[in-house]
Amino acid sequence: MKAVVQRRYGSAVLGELDVPVPGQGEVLLEVRAAGVDMGTWHLLTGKPYLIRVIGFGFRGPKSPVPGRDVSGVVAAVGPGVTEFAPGDEVFGTCGGSFAEYAVAPVARLARKPAGISFAEAAAVPISGGTALQGLRGVQAGQRVLVLGAGGGVGSYGVQIAKALGAHVTGVCSTSKVELVRSLGADEVVDYTVADFTGTYDLILSCGGERPLSRLRRASTPRGRIVLVGAETGGSVTGGFERSLASVALNPFVSQKFVPLMSTERADVFDELRVLIEAGRIKPPVDRTFPLSEALDAIDYVYTRRSRGKVVVTI
Ligand SMILES: NC(=O)c1ccc[n+]([C@@H]2O[C@H](COP(=O)([O-])OP(=O)(O)OC[C@H]3O[C@@H](n4cnc5c(N)ncnc54)[C@H](OP(=O)(O)O)[C@@H]3O)[C@@H](O)[C@H]2O)c1
């Protein structure tokens with residue numbers, strides 16, 4: 001099969017690999033599309049170095065193929081799989097979706113939402129799942145601030161917060177203002193022109209590493225500040241120290257910092273499927289790239305040109 005092959009961190013090429021064989025609780029997917037996000041860049045480069053010690057491979061990547069978000073058709077099932085059968089259309093995450101075939105555990109797959117394309121489905125799992133988990137507990141009428149609202153996680157954050165009945169303010173740069181408005185944000189702040197004001201019940205911080213003190217000032221006294229991520233940290237910890245600092249700060253402040261570590265699970269993807277089929281959220285696909293240009297797709301996301309999501313189609 002054709003695949004993007006990555007034997008060491010920092011370099012990958014289009015090559016040929018054997019079709020993988022599904023093991024216990026896994027299925028073989030004929031990949032139709034693979035989502036791209038900042039995590040794809042992290043696993044390609046091995047940066048920040050922290051990811052190498054938390055299980056993705058110390059000297060080189062554990063998976064020889066990059067890409068986690070996936071949509072496709074089940075081609076074969078491994079031992080013990082009863083949830084899916086060959087021919088089923090699914091989406092979720094796997095290890096190595098930048099390839100014609102990939103093996104995925106059923107614990108990280110759900111039925112593909114009806115009425116959307118494979119490319120749109122592949123744009124959902126990690127970004128949509130992260131936003132959904134970050135917004136747990138939001139009540140109708142609450143005020144939600146989404147930082148990085150024009151990016152992968154933030155663009156779902158805006159839509160899911162609106163679906164929950166919140167009043168949503170999205171913060172992004174000029175080129176993403178129209179997108180964030182179209183996603184349903186009640187207010188859009190272009191941070192290159194002015195900074196956000198006001199106080200919020202929940203802040204979903206997905207871009208721009210604002211100091212914790214700045215986030216606290218923008219939070220209601222009992223508000224929650226969910227730290228999703230930012231790309232402003234160094235190459236060792238990638239800003240993870242901000243999450244650690246927030247945990248140390250929690251006992252002394254009335255607001256609650258939540259350093260988010262999202263999980264990739266079938267039940268989360270199924271919740272997203274229901275929201276999509278009900279028309280409450282729509283995968284915001286900016287651009288698709290063919291497999292032969294997968295590295296350009298990652299660069300497009302890394303250089304922050306992408307509005308919403310980017311997908312590699314196979
Ligand atoms: N904790 C977890 O489980 C988890 C899961 C997924 C992702 N992440 C991390 O979360 C972060 C966001 O992921 P993503 O996939 O959404 O990345 P993304 O698509 O690159 O989106 C980040 C957005 O932040 C915007 N931004 C940058 N500086 C900003 C500022 N000062 N104010 C407001 N917005 C700003 C960027 O564009 P503009 O500057 O042009 O607006 C970009 O649209 C990444 O660091 C990723 O690694 C964490």
Side-chain angles (χ1 to χ4, degrees), residues 35-48 50-51 54 56 67-69 93 122-136 145-160 169-181 183 185 187-196 203-211 214-215 218 225-235 237-240 242-244 246-247 257-265 268 283-287 297-311:
V36 184
D37 69 354
M38 277 311 300
T40 321
W41 180 86
H42 292 302
L43 295 184
L44 186 71
T45 57
K47 290 180 186 167
L50 183 68
I51 66 162
I54 61 169
F56 289 100
R68 290 179 77 79
D69 276 333
T93 64
V124 177
I126 294 177
S127 296
T130 302
L132 188 67
Q133 291 169 70
L135 292 167
R136 292 271 187 235
L145 177 72
V146 180
L147 300 172
V153 179
S155 57
Y156 285 100
V158 169
Q159 297 184 78
I160 293 170
T169 300
V171 181
C172 59
S173 65
T174 313
S175 68
K176 294 164 189 169
V177 166
E178 272 320 305
L179 167 72
V180 176
R181 195 165 282 132
L183 297 172
E187 292 168 46
V188 184
V189 177
D190 178 348
Y191 72 82
T192 67
V193 176
D195 208 1
F196 57 88
I203 300 174
L204 191 68
S205 177
C206 321
E209 194 169 330
R210 301 296 207 294
R214 170 71 179 106
L215 297 178
I225 302 162
V226 181
L227 303 173
V228 178
E231 295 302 322
T232 44
S235 57
T237 60
F240 189 67
R242 192 173 70 138
S243 291
L244 288 178
S246 78
V247 174
F257 284 105
V258 182
L260 187 69
M261 191 60 85
S262 68
T263 52
E264 299 164 19
R265 295 198 320 264
V268 171
V285 177
D286 172 8
R287 265 185 78 175
I298 297 172
D299 186 62
Y300 186 66
V301 171
Y302 176 68
T303 52
R304 280 164 49 180
R305 283 171 289 164
S306 53
R307 298 181 186 85
K309 292 294 301 176
V310 170
V311 175

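Small disclaimer: the values here were computed from a predicted structure and weren't measured. Every number for a ligand or one of its atoms is a count from 1 in the order of the listing.
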Under a 4.0 angstrom heavy-atom cut-off, which atoms of ligand 1 come close to Gly229? 9 (C), 10 (O), 11 (C), 45 (O)
Look up atom CD1 in Ile160 and atom CZ in Arg136, then write down how far apart they are to the nearest 0.5 Å. 9.0 Å
Give the residue, atom name and distance (to 0.1 Å) of the protein heavy atom nearest atom 16 (O) of ligand 1. Val153 N, 2.8 Å
Which option out of Gly134, Gly35, Gly148 puts a heavy atom nearest to atom 23 (C) of ligand 1? Gly148
When you measure from atom 39 (O) of ligand 1 to every protein heavy atom, which one gives the shortest distance, and what is it? Tyr191 OH, 2.4 Å
I'd like to check whether Ser262 has a polar contact with ligand 1, where a contact means an N/O of the residue lying under 3.5 Å from an N/O of the ligand. yes
For a 4.5 angstrom cut-off between non-hydrogen side-chain atoms, does Thr130 reach Val228? yes
Any nitrogen or oxygen of Gly152 lying under 3.5 Å from a nitrogen or oxygen in ligand 1? Just yes or no. yes
Below 4.0 angstrom, N of the basic side chain to O of the carboxylate: do Arg210 and Asp195 qualify? yes
Under 4.0 Å from a heavy atom of His42: which atoms of ligand 1 are those, numbered in the order shown and with their elements? 47 (O)
Charged tip of Arg214 within 45° of Phe196 ring normal and under 6.0 Å: yes
Below the 3.5 angstrom mark, is there an N/O of Ala230, backbone or side chain, next to an N/O of ligand 1? yes
Please write down residue, atom name and distance for the protein heavy atom closest to atom 38 (P) of ligand 1. Ser173 OG, 3.3 Å
Distance from Lys47 atom NZ to His42 atom NE2, nearest 0.5 Å? 11.5 Å
Below the 3.5 angstrom mark, is there an N/O of Ser127, backbone or side chain, next to an N/O of ligand 1? no
Where the side chain of Glu187 meets the backbone of Gly170, is there a donor-acceptor pair that is under 3.5 Å apart? no
Among all protein heavy atoms in this structure, tell me which lies nearest to atom 48 (C) of ligand 1, with the distance rounded to 0.1 Å. Val228 O, 3.1 Å
Need the ligand 1 atom indices (1-based, order shown) with element for anything under 4.0 Å from a heavy-atom of Leu260. 1 (N), 2 (C), 3 (O)
Quick one: does Gly150 get a heavy atom under 4.0 Å from ligand 1? yes
Under a 4.5 Å cut-off applied to non-hydrogen side-chain atoms, are Lys176 and Arg304 in contact? yes
Suppose we measure from atom 46 (C) of ligand 1 to each protein heavy atom; which comes out shortest, and what is that distance? Glu231 OE2, 3.7 Å
Heteroatom proximity flag, Arg304 to ligand 1, N/O under 3.5 Å: yes
I'd like to know if Ser306 contacts ligand 1, where contact means a heavy-atom distance under 4.0 Å to any ligand atom. no
Considering only non-hydrogen protein atoms, determine which one is nearest to atom 21 (O) of ligand 1 and report residue, atom name and distance to 0.1 Å. Gly151 CA, 3.3 Å
Search all heavy atoms of Val301 against all heavy atoms of Val36 and return the closest pair with its distance. CG2-CG1, 3.8 Å
Verify whether one side chain among Lys309 and Ser155 offers a donor that lies under 3.5 Å from an acceptor in the other. no
Please say whether Val301 places an N or O atom under 3.5 Å from an N or O atom belonging to ligand 1. no
Do Leu215 and Leu147 make a side-chain contact, defined as non-hydrogen atoms from C-beta onward lying under 4.5 Å apart? yes
Of Gly308, Gly208, Ser175, the one whose closest heavy atom lies nearest atom 29 (C) of ligand 1 is Gly208
Verify the distance criterion only: is there a donor paired with an acceptor across the side chains of Thr174 and Asp190 at less than 3.5 Å? yes
Look at atom 37 (O) of ligand 1 and say which protein heavy atom is nearest, naming residue and atom and giving the distance to 0.1 Å. Lys176 NZ, 2.9 Å
Considering only the protein, which heavy-atom contact is closest to atom 32 (N) of ligand 1, and what is its distance? Arg210 NH1, 3.0 Å
Answer yes or no: is there a side-chain heavy-atom contact under 4.5 Å between Leu227 and Leu260? no
